[in-house]
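What follows is a single structure, written as C-alpha cells, with notes after it.
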Amino acid sequence: MTDYAPQALDKKWQHRWTHDRAFEVTLDPSRPKYYCLEMFAYPSGHAHVGHVRNYIIGDIMARTKRMRGYNVLHPFGWDAFGLPAENAAIKTGTHPEKSTLDNIAHMKGQLQRLGISYAWEREVATCLPDYYHFNQWIFLKMFERGLAYRKRSTVNWCPKDHTVLANEQVVGDGVCWRCGTTVVQRDLEQWFFKITAYADELLQGLETLTDWPEKVVVMQRNWIGRSEGARIRFPLAASEDSVEIFTTRIDTIYGATFVLLAPEHPMVDRIAAEHPRHAEFAAQVAAFRALDRQARLTGEIEKEGFATGRMAVNPFTGKEVPIWVANFVLADYGTGAIMAVPGHDERDHEFATKYHLPIHVVVRTPDETGHVDATAGPRTAYGQLVDSGEYTGQVAPAVISRMIADADARGIGKGEVQYRLKDWGVSRQRYWGTPIPVIYCEKDGAVGVPLADLPVKLPVVTSFTGRGDSPLAQVDEFVNCVCPKCGGPARRETDTMDTFVDSSWYFLRFCDPRNSELPFSKEAAAYWMPVDFYSGGVEHAILHLLYSRFFTRVLRDVGLVSFDEPFKRLLTQGMVLKDGAVMSKSKGNVVDPDTMLEKYGADTLRLYVMFVAPPEKEVEWSDSGLEGSFRFLLRVWRLVDHWVETIGGEAAPVFGTEFTEAERSLRRKTHDTIRRVTSDVEERMHLNTAVSSLMELVNELYAFSQGTVKGAPARDAAAATAEESAQTRAVLREAIDALVVMISPFAPHMAEELWERLGHRGGLEAATWPLFDPELIKLDEVVVPVQVNGKVRARLTLPAGLNDDEMRERVLADALVKAHIEGKTVRKVVIAKGPLVSVVVG
RNA sequence: GCCGGGGUGGCGAAACUGGCAGACGCACAGGACUUAAAAUCCUGGGUUCCUCACGGAGCGUGCGGGUUCGAUUCCCGCCCCCGGCACCA
C-alpha cells in the first residue's frame with residue numbers, strides 16, 4: 001500500500017511537465033486548434049483563491065480539450081503597467097519596474113504550484129519594451145487613419161499636489177485622496193481613440209455573440225446606447241442665429257414650450273457677451289458649470305435653471321418659446337440642447353412645474369376622449385396626436401418618420417442616430433505606462449514617431465513624489481528630440497497610454513509573442529484566433545471587452561486579421577467570498593492558496609473550488625468543504641492503489657461476451673458517467689456536477705468491490721482477489737481508467753501518478769478522453785412508475801424497447817394498476833419519456 | 001426608474017426538452033472496526049400525521065392564480081434579494 005502524499009506528487013509532476021515542455025504548442029494546420037484563455041493578471045503581489053478560481057476553470061477546459069485531441073493554446077501573461085505600482089513607488093520609493101517584476105515572479109510561482117497548464121514560453125508582460133513597442137505601433141496605425149486624435153478635455157487636478165488625479169483618486173466629497181484638498185477640473189489637450197466610428201458595428205456584432213452571457217451583451221448594448229431621433233433647428237427670434245436640438249420624440253414637438261441649453265453650450269457664452277446684465281449672468285453660468293461637474297462626482301442633483309432672456313421659434317408651431325439654461329442637460333450628448341416637452345417628459349415636467357413654464361398636451365391614446373389634465377404629470381407613452389396642426393389625429397410612432405421627412409424637406413432638420421458611447425480618452429499624466437509615440441514640432445505640429453524608431457522606451461525616472469505634472473516631463477533627454485519630418489528641435493509627448501490599451505490586444509500577441517517586426521503575424525492569428533473560450537471577472541464586462549472588440553476591428557481594417565469578434569465563448573466567473581465579503585487585503589479576509597497547498601496539495605484546492613458551486617456563481621469559502629474534497633481524493637487514491645497492488649490485470653480491458661448483472665450495471669454507470677462528465681465540462685460548463693458524477697462513480701466502485709478496499713470490514717483482500725474473474729477485472733479496469741482520465745483536469749497531479757502506476761506510458765498529455773458507448777447506457781429492463789390520476793400507484797419492471805402500444809397493454813393488465821382503475825373509465829394513457837406512464841380515469 | 005440574474009432541506013447545491021423534487025457534498029446522528037480515540041467503511045434523514053412494526057396518507061421548490069394527465073420548469077399578477085446602468089432628451 002502506498003500513501004497519498006500530495007505535496008510530493010505536486011513537485012514531481014510540475015517538474016516533469018516543465019522538463020517535458022508538456023504544454024508548449026506550435027502552429028499545426030493539420031490539427032484542430034483550441035484557444036483557451038483566462039484574463040491576464042495585474043501583478044498585485046499575491047493571488048488569492050478568488051483569482052485562482054478563474055485560472056482553474058480555464059485549466060479544466062484546456063486539459064480536457066487536450067485529451068479530446070485539440071492543439072490547445074493556453075497562455076498567460078501580466079497586465080503589468082498601472083497606477084498601483086506608481087503609487088507604491090511614491091509611498092515606499094521602490095521603482096515600479098522592480099516591484100512589478102518581483103510581483104510577477106512571486107505570482108508565477110503560485111500559479112505553477114497550482115499546476116495550471118500554461119504555455120509559459122509564451123508569457124508576456126505589458127511593461128516590457130517588447131510588448132509596448134506594439135502598443136505604439138497600433139497607436140501610430142490609428143493616428144495614420146485618423147482614429148487617434150487630439151482634443152481638449154478635462155481632468156481632475158489637485159491644486160496642492162499640483163498633479164492630475166485618476167477618477168478613483170478623487171474620494172469622498174470630491175477631494176484628493178492624499179492631501180484632502182478639493183479637486184478642481186482642468187482642461188488639457190489629450191489623445192482620443194475614435195471608438196465611436198465603430199459604434200454601429202460594435203452594436204451589431206453583439207448579435208453574433210451567442211455564446212456570451214446575456215447579461216454582458218445587454219450591458220454592452222446599453223453602454224453603446226444607440227437612439228434614433230432627429231436633429232431640429234430652432235431659429236432665434238430677431239436673429240440670424242439658431243440652436244439645434246436632438247430629440248427622439250419629434251411627435252411631441254407641438255408641445256415643446258421652451259428650449260433648454262446645457263451650461264457648457266457655446267451659445268450660452270454668446271448670450272452672456274450680449275447680455276444687458278453681463279457680469280451677473282456670467283457669474284450664474286460659471287456657478288452652474290461648476291455645480292454640474294461637482295454633480296458628476298457626487299450623484300443626483302436638484303433640477304435648476306435660469307432664463308437667458310432670449311426666445312427661439314418652434315419651427316413646427318411657429319410660436320416663440322423661451323430659452324433657458326438647465327443643469328440637467330448634458331453638454332456632451334446630442335447637441336447639448338433640447339426642446340422641452342413638459343406634457344410628455346418627466347424631467348421637463350418637473351422643470352416646468354418648478355419655474356411655472358407652460359405645459360401643453362399633444363398626445364393621447366386613441367381611446368382617450370376626454371380632457372387630459374396637464375398638471376397631473378406627463379404621459380410619456382406613444383399615442384394619438386392632438387393639437388398638432390396638420391398632424392393632429394395621426395398616431396406615433398408612425399407619424400415620427402413623416403415629421404422627420406417633412407423637416408428634412410423644409411430644410412429645418414434631419415433624422416439622426418445618437419450614441420451614448422464616447423470616444424476613448426487614452427492620455428494619462430503618469431509614469432508607469434506606454435509612452436505615446438508622438439513628437440511635437442513648432443513647424444509640423446504633432447508628428448508620429450516613425451515605425452523604425454520604435455519602441456519609444458520609457459526613460460528611467462528615479463524619484464516619485466506624486467507632485468507635479470506628467471513625470472516624463474522631468475526627463476530632459478526624453479523630452480528634447482528632433483522632428484522626424486523637418487529635423488528641427490522638437491518635444492516629445494510626455495503622457496502615457498491608458499493601460500486598457502495594453503489589454504485590448506494581448507490575446508493576439510499570445511499567438512506570436514516573440515515577433516519583433518509586427519504585433520503578431522497574420523498566419524499565427526489566422527490559425528489560433530478567435531479565442532474559443534475566455535473566462536474572467538464580470539468587472540470587465542464592459543470596458544475591456546468592448547475595447548478588445550474595437551481593437552480587433554481596427555486591426556482587421558489594418559489588414560492583420562480577417563475576423564470581427566475576438567472571443568467566441570465567454571464565461572464570467574463568480575467571486576469567492578469569505579465571511580460574506582469579497583476578499584481583500586484591507587478587510588483581512590484573504591485566503592492564501594499557498595497555505596492550502598501546504599496542507600492538502602494543489603489537487604484538493606482545485607477540486608474543491610470547482611465542486612462547491614457552478615463557475616458563474618459567487619461562492620462562500622469553507623474550510624470543511626475543502627476537507628471533504630480531500631477525503632474524496634483519498635478515496636480515489638485508495639481505490640486505484642488497491643487495484644494496482646492486489647487485483648491488477650491487463651493494461652487494457654479485454655471483455656468476454658457474458659456479463660453478470662453486477663458487471664453490466666457497473667459498465668452502465670461507467671459509460672453514463674463518461675457521457676455526463678463530457679457534456680458537463682465541454683458544453684455546459686457545469687463543473688460542479690461533473691465532479692458529482694465522478695463521486696457517484698467512485699461510490700459505485702466501492703459498492704462493487706464489496707469492502708475489499710482497505711479499511712472496510714468483511715472479506716479478506718487476498719481471498720477476494722482470487723474470486724475476481726478476468727471479466728470482472730476488465731470491467732473494473734475500464735471504470736478505473738475512465739475515472740483517472742476524467743478526474744485529471746481537476747486533480748492532475750494525482751491522476752498522472754495513478755495513470756503511471758496503472759501501467760500507462762507517455763503521461764496523461766498523451767491520453768485520450770474516453771468515449772461512451774450509447775448502447776451500454778440503454779437499460780435492459782426499465783422500472784416504469786405508473787401514475788393514476790396524478791399519483792404514482794405502481795412501479796412495473798418491463799423489458800426495454802417496448803413500443804407505446806405494448807407498454808400500454810402491459811400496464812393496464814397489471815394487477816396493481818387494475819385495482820386502481822376498476823369500475824372507472826380509462827380516459828387517457830400517456831406514455832412519457834422517463835419512462836413514465838400516466839393513466840387518467842374518471 | 002430602466003435592464004439583467006436569482007428565491008429549492010440546517011448549509012453549498014442538483015433536476016439537461018414539462019415526467020419519481022432534493023443527485024453529489026458539508027454538517028449531524030447511528031452502526032462496524034478499535035482497549036479507547038482519530039481515521040476508515042457502512043447506514044439514516046424535507047415535513048406532518050397514522051401504524052408495535054412492515055408500511056401508508058397528506059403537505060412541500062418566495063406568494064396568489066392559470067394552462068396541463070402531470071409544473072422547480074410554461075403563462076399572468078405580486079413580494080423579496082443580488083448585480084449593472086442611471087437626468088442620454
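Naming convention: chains lettered A, B, ... in sequence-line order (proteins, then strands); numbering from 1 in each chain. Keep in mind it's a predicted model, so treat the numbers as computed, not measured.
- For L836(A), taking side-chain heavy atoms from C-beta onward, the closest of the listed nucleotides C20(B), A15(B), C41(B) is C20(B).
- Comparing the same atom, C1', in C11(B) and in C63(B) gives a spacing of 24 Å after rounding to whole Å.
- Considering D814(A), V829(A), V817(A), L812(A) as possible partners of V786(A), the one that fulfils the side chain to side chain contact (heavy atoms under 4.5 Å, CB included) test is V817(A).
- At the heavy-atom level, V830(A) lies under 4.0 Å from base atoms of the strands shown.
- Using a 4.0 Å heavy-atom distance criterion, S838(A) is classed as a base contact.
- Between I736(A) and V640(A), the shortest heavy-atom contact is CG2-CG2, 4.0 Å.
- When the C1' atom of A14(B) is taken as reference, atom CG of L687(A) falls 15 Å away, rounded to whole Å.
- Under 4.0 angstrom from either OP1 or OP2 of A15(B) there lies at least one side-chain N or O belonging to H686(A).
- P213(A) comes within 4.0 angstrom of nothing in the nucleic acid, heavy atoms only.
- Ring centroids of F630(A) and W637(A) are separated by 6.0 Å or more, keeping the two rings apart.
- The phosphate of G5(B) has neither OP1 nor OP2 within less than 4.0 Å of any side-chain N or O from K215(A).
- Comparing the P positions of A71(B) and C20(B) gives an interatomic distance of 11 Å, to the nearest angstrom.
- G1(B): Watson-Crick or G-U partner is C85(B), with both key distances under 3.5 Å.
- Rounded to a whole angstrom, the distance from the C1' atom of U17(B) to that of A86(B) is 39 Å.
- A cation-pi geometry, defined here as NZ or CZ lying under 6.0 Å from the six-membered ring centre and within 45° of its normal, holds between R635(A) and Y702(A).
- Nearest to the side chain of P785(A), among C20(B), A89(B), C42(B), sits C20(B).
- Annotation: cation-pi geometry not satisfied between R569(A) and W212(A) (NZ/CZ under 6.0 angstrom from ring centroid, within 45° of ring axis).
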- Item | Derivation and outcome, salt bridge (charged side-chain N to carboxylate O under 4.0 Å, His left out), residues D345(A) and R249(A) | CA-CA 10 Å; D345(A) 181 281; R249(A) 291 298 303 274; over 6 Å; no
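- Using Watson-Crick or G-U wobble geometry with both donor-acceptor distances under 3.5 Å, G30(B) finds its partner in C42(B).
- Contact between the side-chain N/O atoms of R420(A) and the OP1/OP2 oxygens of C87(B) is not found at any separation under 4.0 Å.
- Comparing A89(B), C3(B), A15(B) against the side chain of V218(A) picks out C3(B) as the nearest.
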Pairs under 3.5 angstrom, nitrogen or oxygen only, protein versus nucleotides 23-27 of chain B, please.
| from | atom 1 | to | atom 2 | distance (Å) |
| --- | --- | --- | --- | --- |
| A23(B) | O2' | E696(A) | OE2 | 3.1 |
| A23(B) | N1 | S692(A) | OG | 3.3 |
| G25(B) | OP1 | N699(A) | ND2 | 3.2 |
| C26(B) | OP1 | R631(A) | NE | 3.4 |
| C26(B) | OP1 | R631(A) | NH2 | 2.8 |
| C26(B) | O2' | S624(A) | OG | 3.1 |
| A27(B) | OP2 | R631(A) | NH2 | 3.0 |

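- RNA chain B is contacted by both D345(A) and V612(A); V612(A) maps to the nucleotide lying nearer its 5′ end (nearest heavy atom per residue).
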- Message: I'd like to know whether D805(A) forms a salt bridge (charged side-chain N to carboxylate O under 4.0 Å, His left out) with R808(A), so could you lay out the CA-CA distance, the side-chain angles of the two residues, the decisive distance to 0.1 Å, and finally the verdict.
- Response: CA-CA 5 Å; D805(A) 283 338; R808(A) 187 173 288 123; 2.9 Å; yes
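- Relative to the ring axis of F328(A), K303(A) places its NZ or CZ within 45° and under 6.0 Å from the centre.
- C80(B) and C26(B) have their P atoms separated by 37 Å, with the value rounded to a whole Å.
- A residue-by-residue look at M219(A) and T248(A) shows that M219(A) has its nearest nucleotide of RNA chain B further toward the 5' end.
- Base orientation of G9(B): syn, since the glycosidic angle falls within 90° of 0.
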